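Given the structure is predicted, the values throughout are model-derived calculations rather than measurements.
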Amino acid sequence: MFSAAKLTPLLFAIAALPALAQQPDLGPNVDIFSPSTPTATMQQKIDAVYATEQHNEFGPQRHAFFFLPGEYKVDVPIGFYTEVTGLGDTPDATHITGNLHVDAASRNDNATTTFWRGASNLAVTSQNGPAPNLMRWAVSQAVFLRRMHIRGDIVLNQNHGWASGGWMSDTLVDGNVNSGTQQQWISRNSDWHSWTGANWNMVFVGVPHAPANSWPSPPYTTVVTTPIIREKPYLTVDAKHRWSLIIPALQHNTTGITWTSPHADIARSIPFSRIYIAHPRRDTATTLNTQLAHGKSLLFTPGIYDLTEPLRITHPNTVLFGLGFATLHPTQGNAAITTADADGIILAGLLIDAGPQLSPVLVQIGPRDSHAAHTSNPISLHDVFFRVGGAGPGKAGTDLEINSRNTLVDHTWIWRADHGHNVGWNQNLSANGLVVNADGVTIYGLFVEHHQHFQVLWNGNRGRTYFYQSEIPYDPPTQTAWTSAPSTDGWASYKVADTVTQHEAWGLGIYSVFRHPDVYLTRAIEVPRTPNVRFHDMITVCLDTLGGIRNIIDNTGGAAKCGKPRIEPKLTLFPPAPAPAIP
């Protein structure tokens, strides 16, 4: 029989372990550090993960490191499929002194394949970087730097090797940002003391101390305010060890960072009691859809989730939140995700990897007949990435289809693989990266590459794109195999449908890298000629030695030519501003 005298010490022992009682089960691929964790223990674990992930471009491993609020002295290299995140109310609540860095994944300091990794909600003082108080972030596509405080300088390449990024948002840099060899970059709602460097296409949106708009020399596109945004959700742990998923508020006409004080930007907080934590070896599409039908949001622990049917989001304000590049892999020619035409749905931190059977669409936002307005609470996507081939067989018709009005996309890379496994013109099939059928869609940081028809097809009205980067497919075997119309070679990278009457885009770079001779693209951008379809600051580049792009937009802008000297035409405005009236 249990006496009160024996029970009392047990109760005290339980009360003394609130963190253990409250900490959710995030699986074996998440490490949660506290200031009391021995530094040697942290460093050993970080180094072990990096040893696996440093060159693991198409591997199955996924990982996340979480740091509870406090001070840390540690070196954190970030490899493939690795996320490093602080769990405080602001970045300054979790401070790493030592180093947090991304190094080039290829030889000769080449960072053009440094993909799929990220850091958020941390303050960093770099003491072990390439120079005092200098943090190295040598990255390319599908890498996020969000909600950070860099207490010093940051450089976006490694030893002047090539890099092809990138993304920064809601981040404060006390010193200088040196873009160096970065081919292109978008910074949204960030701030710094100074910026140096330019190459092809640098875009700043809502950045108080951005360089002045100066396209084409240097190629800076500066938009003073961000017209509408909801920042990406983030995790916090409070003093009582309670975990929450914070949903930032929708904001309009903003500049600079959001986290100047705790809770400054919060719309709502989702406790973990309302979140289903998914595990890749346990959960199936059936178990996950059961939770969604009951109104739960989903948190995906790191890993690969094979889906025999789409995840169906039917309730407003549902959140799908991935950790450590959690990967959704449709296996039966199905979509990975479909949503209702409902308010406030959020997808964040997910990699969608096409399966071996052709999926007509990988992610569908709203059904085709969607018509509701979502101006006060739009659907939003943050750091949602797509891949067709590379890691294994992959086939898709359209990767991302947007049918719900007012949807926000906040950083995406939609990639038909140009290298890796199961890659070839007749192997990893993908017609379109993005198709927008809805009105009022706004996209920041749109990276779309190598699809076999239009990279982007925009059918909806009142669309806006802030920054676009695209390489057209490398591998059309002949011009005949890649022709969209009798008098048009290839398929335009960015296509605005003839029925569209209003559309605007800023800062677009479109590049060719043809691998077979005598293949050309007639026009990089194709639009209807109407005054309210406007494009600002465009460049085309012909890389390698074959083929080229004959026009930037419609029949305007001139040809991008390979060879020496390489010709890289630039265009500031289309259609051209009307000439002033003669007095």
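Here the shortest heavy-atom pairing between Phe66 and Leu323 reads CZ-CD2, 3.7 Å. For Ser269 against Ile246, the heavy-atom pair with the smallest separation is OG-CD1, 3.6 Å. Scanning both residues, Ser179 and Asn157, for their nearest heavy atoms gives O-ND2, 3.4 Å. When all heavy atoms of Asn403 and Ser370 are compared, the pair lying nearest together is O-CB, 3.2 Å.
Under a 3.5 Å cut-off, the side chain of Asn289 and the backbone N or O of Pro310 do form a donor-acceptor pair. Listed for the Gln291 side chain is no donor-acceptor partner under 3.5 Å among the backbone atoms of Lys296. Between the side chain of Thr171 and the backbone N or O of Ser169 there is at least one donor-acceptor pair closer than 3.5 Å. Within the 3.5 Å criterion, the main-chain N or O of Phe80 finds a donor-acceptor partner in the side chain of Thr82. The main-chain N or O of Ala340 is never found under 3.5 Å from a side-chain atom of Thr314 such that the two would form a donor-acceptor pair. Under the 3.5 Å distance criterion, the side-chain polar atoms of Gln182 are matched with a main-chain donor or acceptor of Leu156. Side-chain atoms of Asn334 never come within 3.5 Å of backbone atoms of Pro330 as a donor-acceptor pair (strictly under, hydrogens ignored). The backbone N or O of Gln61 lies less than 3.5 Å from no partner atom in the side chain of Asn29, so there is not a single donor-acceptor pair. Here the side chain of Asn201 pairs a donor or acceptor atom with the backbone of Gly507 at under 3.5 angstrom. Looking at Arg230, its side chain does come within 3.5 Å of a backbone N or O of Pro378 through a donor-acceptor pair.
Taken to the nearest 0.5 Å, the OG atom of Ser190 stands 6.5 Å off from the CG atom of Asp170. To the nearest 0.5 Å, atoms CG (Asn377) and CG (Asp343) are separated by 4.5 Å. Note that the CG atom of Asp47 and the CD atom of Gln54 stand 10.5 Å from one another [nearest 0.5 Å]. Atoms CG and CH2, from Leu145 and Trp137 in turn, are 5.0 Å apart once rounded to the nearest 0.5 Å. One distance of note links CG of Leu311 with OG1 of Thr339; it measures 12.0 Å at 0.5 Å rounding. Atom CD of Glu53 is separated from atom CH2 of Trp116 by 11.5 Å, given to the nearest 0.5 angstrom.
Between Arg146 and Asp410, at least one side-chain nitrogen of the basic residue sits less than 4.0 Å from a carboxylate oxygen of the acidic one, meeting the salt-bridge criterion.
Inspection of the Ser404 and Asp341 side chains reveals an N or O donor paired with an N or O acceptor under 3.5 Å. Using a 3.5 Å distance cut-off with no hydrogens or angles, the side chains of Asn176 and Ser194 do pair a donor with an acceptor. Side chain to side chain, His374 and Thr407 fail the donor-acceptor criterion of an N or O pair below 3.5 Å. Side-chain atoms of Ser140 and Thr112 form no donor-acceptor pair, as typed in the model, at a separation below 3.5 Å. There is a side-chain donor-acceptor pair under 3.5 Å between Glu449 and Trp413. In summary, the side chains of Ser164 and Gln141 do present a donor paired with an acceptor at a separation below 3.5 Å, with no hydrogens or angles considered. Checked by atom type, the side-chain pair His149/Asp174 shows a donor-acceptor distance below 3.5 Å. There is a side-chain donor-acceptor pair under 3.5 Å between His329 and Asp306.
For Tyr234, there are no ring-ring contact (aromatic ring centres under 6.0 Å, His included) partners two or more places apart in sequence or in a different chain.
In this structure, Asp153 and Asn178 have side chains that are not in contact, with every pair of non-hydrogen atoms separated by 4.5 Å or more. Side-chain contact between Leu134 and Val155: present, with at least one pair of heavy atoms (C-beta onward) separated by less than 4.5 Å. Looking at Leu381 and Thr412, their side chains never come closer than 4.5 Å, going by heavy atoms from C-beta outward. Asp92 has its side chain within reach of Arg151: a pair of non-hydrogen atoms, C-beta onward, lies under 4.5 Å apart. Annotation: side chain of Val409 is in contact with side chain of Ile402 (closest heavy-atom distance under 4.5 Å). Considering only heavy atoms from C-beta on, Met148 comes within 4.5 Å of Leu100 through its side chain. Residues Phe467 and Val205 have side chains not in contact (no heavy-atom distance under 4.5 Å, counting atoms from C-beta outward). Asn317 places none of its side-chain heavy atoms less than 4.5 Å from the side chain of Ile247.
Ring centroid separation for the pair Phe33 and Tyr72 does not come in under the 6.0 Å cut-off. Taking the six-membered ring for Trp, Trp415 and Phe115 have ring centres closer than 6.0 Å. Taking the six-membered ring where the residue is Trp, the centroids of Phe385 and His411 are separated by under 6.0 Å.
Aromatic ring orientation, Trp192 versus Phe204: perpendicular (interplanar angle above 60°, classes split at 30° and 60°).
In summary, of the residues considered (Asp283, Thr287, Thr290), a side chain to side chain donor-acceptor pair (under 3.5 Å) with Tyr276 occurs for Asp283 alone. Of the candidates Arg147, Arg188, His382, Glu231 forms a side chain to side chain donor-acceptor pair (under 3.5 Å) with just one, namely Arg188. Checking Val237, Thr94, Thr236 one by one against Leu87, the side chain to side chain contact (heavy atoms under 4.5 Å, CB included) holds for a single residue, Val237.
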Test log, rule side-chain contact (heavy atoms from CB on, under 4.5 Å), inputs Leu299 and Phe272: CA-CA 9 Å; Leu299 186 148; Phe272 266 48; 3.9 Å; yes

Pair Leu235-Thr85, side-chain contact (heavy atoms from CB on, under 4.5 Å): steps then yes or no: CA-CA 9 Å; Leu235 294 170; Thr85 297; 5.8 Å; no

Working for side-chain contact (heavy atoms from CB on, under 4.5 Å), residues Val361 and Val435: CA-CA 10 Å; Val361 63; Val435 175; over 6 Å; no

From CA spacing to verdict: side chain to side chain donor-acceptor pair (under 3.5 Å), His63, Asp31: CA-CA 8 Å; His63 209 90; Asp31 284 285; 2.7 Å; yes

Verdict with supporting geometry, Asp353 and Arg387, salt bridge (charged side-chain N to carboxylate O under 4.0 Å, His left out): CA-CA 5 Å; Asp353 202 3; Arg387 180 173 65 193; 2.7 Å; yes

side-chain contact (heavy atoms from CB on, under 4.5 Å) evaluation trace for Ile275 with Trp243: CA-CA 11 Å; Ile275 297 173; Trp243 289 64; over 6 Å; no

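Other residues, nucleotides and ligands contribute only 12 or fewer heavy atoms inside 6.0 Å of the NE2 atom of His209.
Cation-pi geometry between Arg117 and Tyr81 is not met: the NZ or CZ atom fails to fall both under 6.0 Å from the ring centre and inside 45° of the normal.
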Throw together a table of side-chain donor-acceptor distances under 3.5 angstrom for residues 221-228, partners on residues two or more places apart or in other chains.
unit_1 : atom_1 : unit_2 : atom_2 : d
Thr221 : OG1    : Asp537 : OD2    : 2.6
Thr222 : OG1    : Pro211 : O      : 2.7
Thr226 : OG1    : Asn189 : OD1    : 2.7

